[in-house]
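The sequence lines fix the lettering, A, B, ..., with proteins before strands; numbering per chain opens at 1. Every heavy atom of this structure was used, including side-chain atoms; hydrogens, water molecules and symmetry mates were not.
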Amino acid sequence: MRPLSLQLVSVVTVLVGVLTLAAGLIWLERRLLAFWQERLGPNRVGPAGLLQPVADAIKLLAKEDWVPPFADRPVFVIAPAIVFVTVLMSFAVVPITPGIGVVDLDVGLLFFLAMTGLGAYSAVLAGWASGSKYALLGGLRAAAQLLSYEVFMGLSLMGVVVMAGSFNLRDIVDAQRDLWFIVPQFAGFVVFMVAGLAETHRLPFDMPEAEAELVAGFHAEYSGMKFGMFFVGEYAGIILISSLITVLFLGGWHGPWLPGWLWFFLKTMLFICFFILLRASLARPRNDQLMAYGWKVMLPVALLNLMVTAAVVLAVGD
Amino acid sequence: MNVMFYVAAVVAVACTVRVVTHVNGVHALLYFVVSLFAVATIFYLIGAPFVAALELIVYAGAIMVLFIFVVMLLNRGPQSVAQERSWLNPRAWVGPTALSLVLAVEVGILLFAGDLELETQTRVAPKEVGITLLGPYLLAVEIASMLLLAGLVGAYHLGREGGREGGREGAHREPGAGR
């Protein structure tokens, strides 16, 4: 057990780091999308438009925070907070370097899966509480999509758990000192990345908020900072999935020459940019295509990966 | 440690009471979720972190979402609240409450007699749970999985659209078929 002061410093570092990065992503995503679409993107506020998130935040805070009269008020208010809280809670178990990290939990990976599962409530409840048909349809889609992809998100990680022999994320990083798990667990890596994309309902898997069909889906009735919570929660979710890919498949802080936290940051940023590139380049599938893809392709791949991994580990022995 | 246990236990009991007494379906289910959180906390406190995590993943994260999904699909609206309210008249709940109070008094007496000290501080790591499940309890696990498989096959059968000849597009079903 570390002293309380050090613990607090860790908590504040992770919290401030995540929130700053999440705000920065608003700028990064818009600039990168603009770059790939051959336009400029936001470049007016501050140097190279860097202060754009500040301007966005001021705009959101100054907007009327309206609760529709037909909404279920308590649930409507609490729903945006859920996604934010669960994502931030998950960061508690992410080890950034041997020294930085909030808790060292024996069941760290399960804790992450539990928090992801609870995050599903946010979209589902928001859709239900809004009391409008588009939001309800978005909520229904969210429930189906998040529940389905949660199943093999968990299964895809079990290969890593079998190889590391632990649910503890620090042990998992340490087990990758010689060989990153992306090499022996490539199938697990792909499945986890797709499932992570679906769990954060990012494009191309943003069926719950598909604006062409559902206005804005589950958050159609939200305005002001409540909408901002969904927005920032989504970005924090991208950071979470990217940092977990780093921890689980890319050896976390391990890497030559550079200090550990910088390696962690670089690997995480690589995946964040990759997710933004996916948004820029892929079209949205239909809802039934998404479900069929999940259950008929991803689930068998994840199960097969787990079986083969377990068999190999059992045969090689240690 | 004991204080934390009792706080979590009180939260669990209070939430469960609200599950029964709340007139709005979704709100009642949300209380149920909080009650599951409290139970998970208790599991963690008495040294079973693995069970605590599974409680959150399986019950709070998956099964309750399905419950809420179904309630959303039904989307009963305000008239169901009025209906619930009429069902919760005193005649319905006085009897069970009196009986529960008797049990509560008994539990209170047992607790204050000091027979039940909560000091089981042996942490059960995930690995031990796995070894126990696939070791001495292998038969029970296999029987449970057979039961689940039967449930899965049954659900698949019930969910088939329009029997043998109806494919995905065969949507001309009788109203109420397949319930």
Side-chain angles (χ1 to χ4, degrees), chain A residues 70 72-76 78-79 82 86 89 93 103 105-131 133 135-148 150-151 153-154 158 161-162 165-168 171 218 288 292, chain B residues 18 22-34 36-37 40-41 43-44 47-78 80-81 123-131 134 152 156 159 168-169 171:
Chain A
F70 44 81
D72 187 315
R73 201 183 166 93
V75 182
F76 187 84
I78 210 171
I82 295 175
T86 52
M89 291 272 279
V93 293
V103 284
L105 205 60
D106 257 358
V107 289
L109 196 56
L110 291 175
F111 183 82
F112 156 71
L113 288 174
M115 285 302 133
T116 315
L118 295 180
Y121 280 110
S122 186
V124 176
L125 289 176
W128 176 79
S130 296
K133 57 187 168 196
L136 186 68
L137 283 173
L140 287 175
R141 284 186 182 185
Q145 173 178 337
L146 297 184
L147 268 183
S148 314
E150 223 175 274
V151 173
M153 179 184 237
M158 289 310 128
V161 173
V162 168
S166 171
F167 285 114
N168 188 321
D171 294 351
F218 65 90
D288 62 316
Chain B
R18 284 306 277 151
H22 213 295
V23 290
N24 184 319
V26 171
H27 291 192
L29 285 177
L30 285 181
Y31 275 109
F32 198 173
V33 175
V34 177
L36 290 171
F37 287 172
T41 314
F43 275 131
Y44 193 84
F50 186 66
V51 181
L54 284 192
E55 174 97 12
L56 285 184
I57 295 174
V58 176
Y59 285 97
I63 294 180
M64 291 314 293
V65 178
L66 277 184
F67 274 40
I68 290 184
F69 186 81
V70 171
V71 172
M72 274 169 60
L73 271 180
L74 298 175
N75 203 19
R76 303 289 307 281
S80 76
V81 171
R123 283 176 71 83
V124 185
K127 201 173 260 178
E128 291 166 51
V129 178
I131 290 171
L134 295 181
L152 195 67
Y156 179 72
R168 257 189 66 228
E169 268 71 45

Provide the closest heavy-atom pair for A/T86 versus A/M115 in the form atom of the first, atom of the second, distance.
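Answer, listing the atom of A/T86 first, then A/M115: CB-O, 3.6 Å.
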Which value, rounded to the nearest 0.5 Å, describes the distance between B/L36 atom CG and B/Y31 atom OH?
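One finds 15.0 Å between CG of B/L36 and OH of B/Y31.
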Supply the atom-to-atom distance B/F67 CZ to B/L29 CG, rounded to the nearest 0.5 angstrom.
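Between B/F67 CZ and B/L29 CG, I get 7.5 Å after rounding to 0.5 Å.
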Looking at A/V75, A/L146, A/V107, A/I78, which makes the most heavy-atom pairs under 4.5 Å with chain B?
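Greatest number of close heavy-atom pairs with chain B: A/V107.
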Who wins among A/L113, A/V124, A/L140, A/V151 for the most heavy-atom pairs under 4.5 Å with chain B?
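Looking at each of A/L113, A/V124, A/L140, A/V151 in turn, A/L140 comes out on top.
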Part of A/L147 lying under 4.5 Å from any heavy atom of chain B:
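Only the side chain of A/L147 comes within 4.5 Å of chain B.
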Is B/V33 close to chain A through its backbone or its side chain, or both, or neither, when contacts mean heavy atoms under 4.5 Å?
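The side chain, not the backbone.
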Using the test side chain to side chain donor-acceptor pair (under 3.5 Å), find all partners of A/R73 that sit at least two apart in sequence or belong to another chain.
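Applying side chain to side chain donor-acceptor pair (under 3.5 Å) to A/R73 gives none.
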Residue selection (most heavy-atom pairs with chain A, distance under 4.5 Å) from B/V65, B/I68, B/L66
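Highest number of pairs under 4.5 Å: B/V65.
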Can you find a heavy atom in the side chain of A/Y121 that is under 4.5 Å from one in the side chain of B/M64?
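Yes, close enough: below the 4.5 Å cut-off.
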